[in-house]
S.K.: 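Sending over a structure as structure tokens; questions will come in a sec.
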Amino acid sequence: MTVTWEELGWERLAEGVGRCRLPVWDCTVGLITGTGSALLVDAGSSLAEGARLRGQAEAIAGRRVGLLALTHPHFDHVFGAAAFAGATVLVAAGEGASPGAPAPGNGGGNAHGNARGHGDGRGREGGRGDAHGGGDGGFFGADRAGMCADAVRNGLDRRAAEEAADAPVRPHRTVRGTLDLEPAGGPRIRLADVGPGHTARDLAVVVASDPVVVFCGDLVEESGEPQAGPDAVPSRWPAALDRLLELGGEDALYVPGHGAVVDASFVRAQRDALARRFGVS
């Protein structure tokens with residue numbers, strides 16, 4: 001039995017498309033549903049939070065979460081990923097990144113195979129690049145201890161941080177350029193490797209709903225100034241926002257990694273502010 005978005009504290013953005021704002025860091029998690037399995041955007045900051053999200057998402061969708069798109073490799077967006085066992089995990093390849101060998105025990109799963117096998121629809125590589133199968137052990141970084149320390153430094157319980165760091169998920173699919181998915185009974189979805197910017201591996205999820213919905217990850221923030229950590233590429237960030245605007249258009253809803261949904265004018269203003277802040281055109 002399904003429930004409504006609102007009953008579980010989620011915000012419906014379009015038919016079959018919604019998001020929730022998580023406590024503590026005000027992170028966004030997105031959900032796209034159809035008659036096949038659902039796609040979730042980001043996974044929360046801990047295994048416990050990921051498990052709660054999976055339960056809520058599957059209650060709303062009335063079916064399993066078969067695809068998990070991770071917008072960038074920061075703990076508050078990915079530490080819940082291990083709670084989505086059996087889902088195909090998709091990430092941006094990033095500039096200079098190359099996909100690794102299939103992760104042991106995952107059978108070399110990929111978005112195309114899962115889409116057909118679980119009724120998600122047809123995956124189609126398109127746009128300015130393609131997608132590659134195989135595990136990507138580099139997405140979570142070689143320094144898992146560093147990611148764990150960053151989580152604790154930002155307020156995550158140490159035990160929860162260590163539990164998540166000890167259960168890293170190897171993505172099944174790395175997206176170069178764009179990857180189009182045509183879910184059964186749902187809107188077309190385009191995954192786009194739009195970075196570098198906030199990180200070297202920024203993935204946007206563009207949903208061809210009415211209105212169009214763009215999940216931006218932390219390339220866009222509304223509840224605070226965009227955060228540029230040591231893994232940011234400030235000189236390329238404004239160009240990444242230009243690509244977001246190209247993908248979404250003037251009338252889209254832009255969903256930031258933190259904060260309220262915004263419009264194209266907000267994204268454009270943030271792009272210009274970042275250009276001034278980092279001294280780029």
S.K.: Are the side chain of Thr28 and the backbone of Pro256 linked by a donor-acceptor contact shorter than 3.5 Å?
M.R.: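 It does hold such a pair.
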
S.K.: Between Arg188 and Glu182, is the closest basic N to carboxylate O distance under 4.0 Å?
M.R.: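 Judged by the 4.0 Å cut-off on N to carboxylate O distance, Glu182 and Arg188 do not form a salt bridge.
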
S.K.: Do the charged groups of Asp193 and Arg176 touch, with an N to O distance under 4.0 Å?
M.R.: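 Judged by the 4.0 Å cut-off on N to carboxylate O distance, Asp193 and Arg176 do not form a salt bridge.
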
S.K.: Write out all pairs satisfying salt bridge (Lys or Arg N to Asp or Glu O under 4.0 Å) with one or both partners inside residues 215-228, taking only residues at least two apart or from two chains.
M.R.: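 As it turns out, the salt bridge (Lys or Arg N to Asp or Glu O under 4.0 Å) pairs with a partner in residues 215-228, which skip direct neighbours, are Glu225-Arg277.
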
S.K.: Is there any ring pair (Phe, Tyr, Trp, His ring centres under 6.0 Å) pair reaching into residues 222-242, and which pairs are they, with sequence neighbours excluded?
M.R.: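 Sorted pair list: His198-Trp237.
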
S.K.: Tell me yes or no: between the side chains of Ser37 and Arg63, is some donor less than 3.5 Å from an acceptor?
M.R.: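 Looking only at side-chain atoms, Arg63 and Ser37 do not form any donor-acceptor pair under 3.5 Å.
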
S.K.: Which pairs with one or both residues in residues 247-281 pass ring pair (Phe, Tyr, Trp, His ring centres under 6.0 Å), sequence neighbours excluded?
M.R.: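 Output for this query lists His77-His258.
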
S.K.: My understanding is that only residues two or more places apart in sequence, or in another chain, count here; which of them pass ring-ring contact (aromatic ring centres under 6.0 Å, His included) with Trp25?
M.R.: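 Trp25 satisfies ring-ring contact (aromatic ring centres under 6.0 Å, His included) with Phe75 once adjacent residues are dropped.
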
S.K.: Check the side chains of Asp231 and His72 for a donor-acceptor pair under 3.5 angstrom, ignoring hydrogens and angles.
M.R.: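 No, no side-chain donor-acceptor contact under 3.5 Å.
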
S.K.: Answer with yes or no whether the side chains of Trp5 and Glu11 bring together a donor and an acceptor at under 3.5 Å.
M.R.: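 No, no side-chain donor-acceptor pair sits under 3.5 Å.
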
S.K.: Should the pair Arg158-Glu163 be classified as a salt bridge under the 4.0 Å nitrogen-to-oxygen rule?
M.R.: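 No.
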
S.K.: Tell me the salt bridge (Lys or Arg N to Asp or Glu O under 4.0 Å) pairs involving residues 22-47, sequence neighbours left out?
M.R.: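 Qualifying pairs: Arg21-Asp26.
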
S.K.: For Asp263, give me all partners under side-chain hydrogen bond (donor to acceptor under 3.5 Å, both in side chains), at least two apart in sequence or on another chain.
M.R.: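 Checked Asp263 against side-chain hydrogen bond (donor to acceptor under 3.5 Å, both in side chains); matches are Ser265.
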
S.K.: Quick check: do Leu191 and Leu90 have side-chain heavy atoms less than 4.5 Å from each other?
M.R.: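 They are in side-chain contact.
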
